[in-house]
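Only one structure is covered here, and it is reproduced in the block below.
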Amino acid sequence: MHIALAPMEGVVDYLMRQLLTEIGGFDLCVTEFVRVSDTVFPDSVFYRYCPELRHGSETLAGVPVHIQLLGNHPQLMAENAHKAWRLGAKGIDINFGCPARTVNKNKGGAALLVDTEILHTIVKAIREAVPADTPVTAKMRLGLEDKSLALDNAIAIAEAGAENLTVHARTKVEGYKPPAHWEWITRIRENIDIPVTANGDIWTPEDYDKCRQVTGCEKVMVGRGALTDPFLARNIKQREAIEPSADLHWLATRKIIGELANRITLAREDETEMTRVNIRDGERYLMSRMKQWLALMSKRNTLAADFFKQFRLIKCPQQLLETLQSV
Ligand SMILES: Cc1cc2nc3c(=O)[nH]c(=O)nc-3n(C[C@H](O)[C@H](O)[C@H](O)COP(=O)(O)O)c2cc1C
């Protein structure tokens, strides 16, 4: 049983990785993507995306964190991977799935899925740029507009030396529209000889069971499901409280929100801590993260949904803490 926390740009950052891995159930985290375009980044950029580099490239709960790179220039990607490794990254992941228009316009992320050869070249260049005992992994969608190259792309990535391939079972044009096509993950797994991590639409322990049954994968990655239910990974593993009551769930969720607000309030008073947790603009940062997170939690938790309505009127972490005390 191996559960990875999905990289999620704008949502799963240092703080969220800390909080979710403290709750437990996760075996691996991946940073938000670092977009490589025309330079080898200074150390500070890697520390910003992955403050865990300062403590062994692991969250405080001891879960390894890999750095994800996105870009289309093999040599530059390789040089940045080397730099990340030199700073202590436990592994390098390559993004072949991002659907964002700006990223795709610059031929990055999912846009590369029409060019099997470039996928191979990028993976190979990165594989050669870091020592063999540092895992180089990739994460792909099934294609850009259709799935015709899904198998070729997966094979190219595996043959170039990737150690693991995570497959988000949708094309770019399918966006996040359900269902995820898990049966394609099965086909990919059967055609390559590296482990495949199944990704897409695991919201409950039952989804987890079904996904594993369909795909035959030992490893899964969960993203939105883990934010909607911060106990998902732990419950998948422990099966102790598959359906915690709404009250219990909300109590725990409230604790997490309070903790996040507290940490940011504290961080704002301490420059060193601020740098460490990557908060350039504490209040705006907290509020935008909270908004995304509460929006996801509200899907499955009516108490979170009620709180989300109040949240819209809240202006700063202090007010957030006060409001939390009154609900
Ligand atoms: C807001 C958001 C940000 C994301 N950012 C990234 C990213 O930085 N890198 C990446 O490989 N995938 C990214 N993804 C895709 C997720 O990692 C994952 O593949 C997708 O959400 C499907 O998994 P899920 O159904 O468990 O959420 C992002 C998804 C969302 C919703």
Side-chain angles (χ1 to χ4, degrees), residues 2-14 16-17 20 25-26 28-36 48-50 65-71 77 91-104 108-113 119 122-123 136-143 153 157 162 164-172 174-182 184-185 188 196-208 210-212 214-215 217 219-230 232-233 236 278 288-297 299-300:
H2 185 282
I3 305 178
L5 175 60
M8 289 177 75
E9 198 259 330
V11 193
V12 178
D13 55 8
Y14 174 80
M16 200 56 84
R17 292 193 292 271
L20 289 175
F26 292 103
L28 176 70
C29 296
V30 183
T31 66
E32 297 163 85
F33 64 77
V34 180
R35 191 164 143 204
V36 175
R48 180 147 53 80
Y49 280 93
C50 187
V65 182
H66 291 184
I67 292 188
Q68 188 180 70
L69 300 180
L70 178 153
M77 291 281 278
I92 308 292
D93 188 58
I94 314 167
N95 181 318
F96 295 132
C98 179
R101 201 175 305 155
T102 13
V103 166
N104 291 172
L112 297 174
L113 295 169
L119 304 185
I122 291 171
V123 175
V136 170
T137 58
K139 179 164 178 283
M140 63 175 265
R141 281 187 181 243
L142 295 175
N153 286 341
I157 289 167
N164 187 86
L165 175 62
T166 299
V167 180
H168 175 194
R170 292 182 174 94
T171 62
K172 183 232 153 158
E174 286 167 347
Y176 292 93
K177 203 170 124 226
H181 305 284
W182 290 337
W184 270 90
I185 303 180
I188 289 174
V196 172
T197 299
N199 173 235
D201 281 2
I202 296 178
W203 299 93
T204 63
E206 290 77 10
D207 292 338
Y208 167 85
K210 209 157 142 208
C211 177
R212 283 201 54 188
V214 171
T215 63
C217 290
K219 300 185 190 183
V220 305
M221 174 179 274
V222 293
R224 294 165 300 160
L227 298 174
T228 307
D229 174 3
L232 177 60
I236 286 173
N278 170 26
S288 84
R289 299 276 146 150
M290 269 313 167
K291 193 168 163 197
Q292 297 221 46
W293 198 27
L294 277 170
L296 280 163
M297 276 194 302
K299 284 180 197 283
R300 304 243 338 256

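Just so you know, ligand 1 is whichever comes first in the structure, and atom 1 is the first atom listed for that ligand. Model, not experiment: these values are computed from the prediction.
When only non-hydrogen protein atoms are considered, atom 19 (O) of ligand 1 lies nearest to Asn199 OD1, 2.6 Å. For atom 9 (N) of ligand 1, the closest heavy atom belonging to the protein is Gln68 OE1, 2.8 Å. The protein atom (non-hydrogen) at minimum distance from atom 21 (O) of ligand 1 is Tyr176 CE2, 3.5 Å. Of the protein's non-hydrogen atoms, Phe33 CD2, 3.1 Å is the one closest to atom 8 (O) of ligand 1. Remark: minimum distance from atom 2 (C) of ligand 1 to any protein heavy atom is reached at Met8 CE, 3.9 Å. At the shortest separation from atom 14 (N) of ligand 1 among protein heavy atoms lies Pro7 O, 3.4 Å.
Annotation for Ala4 and Phe26: closest pair C-CD2, 4.0 Å, computed over non-hydrogen atoms. Looking at every heavy atom in both residues, Ala180 comes nearest to Asp201 through N-OD2, 3.3 Å. Scanning both residues, Asn104 and Ala110, for their nearest heavy atoms gives ND2-N, 3.6 Å. The two residues Glu32 and Val11 have their closest heavy-atom pair at OE1-N, 4.3 Å. Closest heavy-atom contact between Ile185 and Thr215: CB-CG2, 3.7 Å. Of all heavy-atom pairs spanning Trp182 and Ala169, the tightest one is N-CB, 4.0 Å.
For ligand 1, the polar-atom distance check finds no N/O of Ile202 at less than 3.5 Å from any of the ligand's N/O atoms. At a 3.5 angstrom cut-off on N or O pairs, Gly223 counts as close to ligand 1. For a threshold of 3.5 Å applied to N or O pairs, the pair formed by Glu32 and ligand 1 contains no separation below that value. In terms of N/O distances under 3.5 Å, ligand 1 is not approached by Gln292. Checked against a 3.5 angstrom limit, the closest N/O atoms of Thr31 and ligand 1 fall outside it.
When Ile94, Leu69, Ile67, Leu70 are each tested for a side chain to side chain contact (heavy atoms under 4.5 Å, CB included) with Phe33, only one passes: Leu70.
Ligand-side atoms of ligand 1 in range of Val222: 26 (O), range being under 4.0 angstrom from any heavy atom. Below 4.0 Å from some heavy atom of Asp201 lie the following atoms of ligand 1, by number and element: 24 (P), 25 (O). Ligand-side atoms of ligand 1 in range of Glu9: 1 (C), 3 (C), 4 (C), 5 (N), 6 (C), 7 (C), 8 (O), range being under 4.0 angstrom from any heavy atom. Each of the atoms 17 (O) of ligand 1 lies under 4.0 Å from some heavy atom of Ala6.
Residues Met221 and Lys139 meet the side-chain proximity criterion, which asks for heavy atoms closer than 4.5 Å.
Remark: Arg17 is not positioned above the aromatic ring of Tyr49, lacking an NZ or CZ atom under 6.0 angstrom from the ring centre and at most 45 degrees off the axis.
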Exercise. Show your reasoning for whether side chain to side chain contact (heavy atoms under 4.5 Å, CB included) applies to Thr31 and Gln68.
Key: CA-CA 6 Å; Thr31 66; Gln68 188 180 70; 4.1 Å; yes
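Of all the listed residues (Lys139, His168, Arg35), Lys139 holds the heavy atom that lies closest to atom 15 (C) of ligand 1.
Using a 4.0 angstrom heavy-atom cutoff, Gly200 counts as in contact with ligand 1. No heavy atom of Trp203 sits closer than 4.0 Å to any atom of ligand 1.
Contacts of Thr137 classified as side-chain hydrogen bond (donor to acceptor under 3.5 Å, both in side chains), with partners at least two apart in sequence or in another chain: Asp93.
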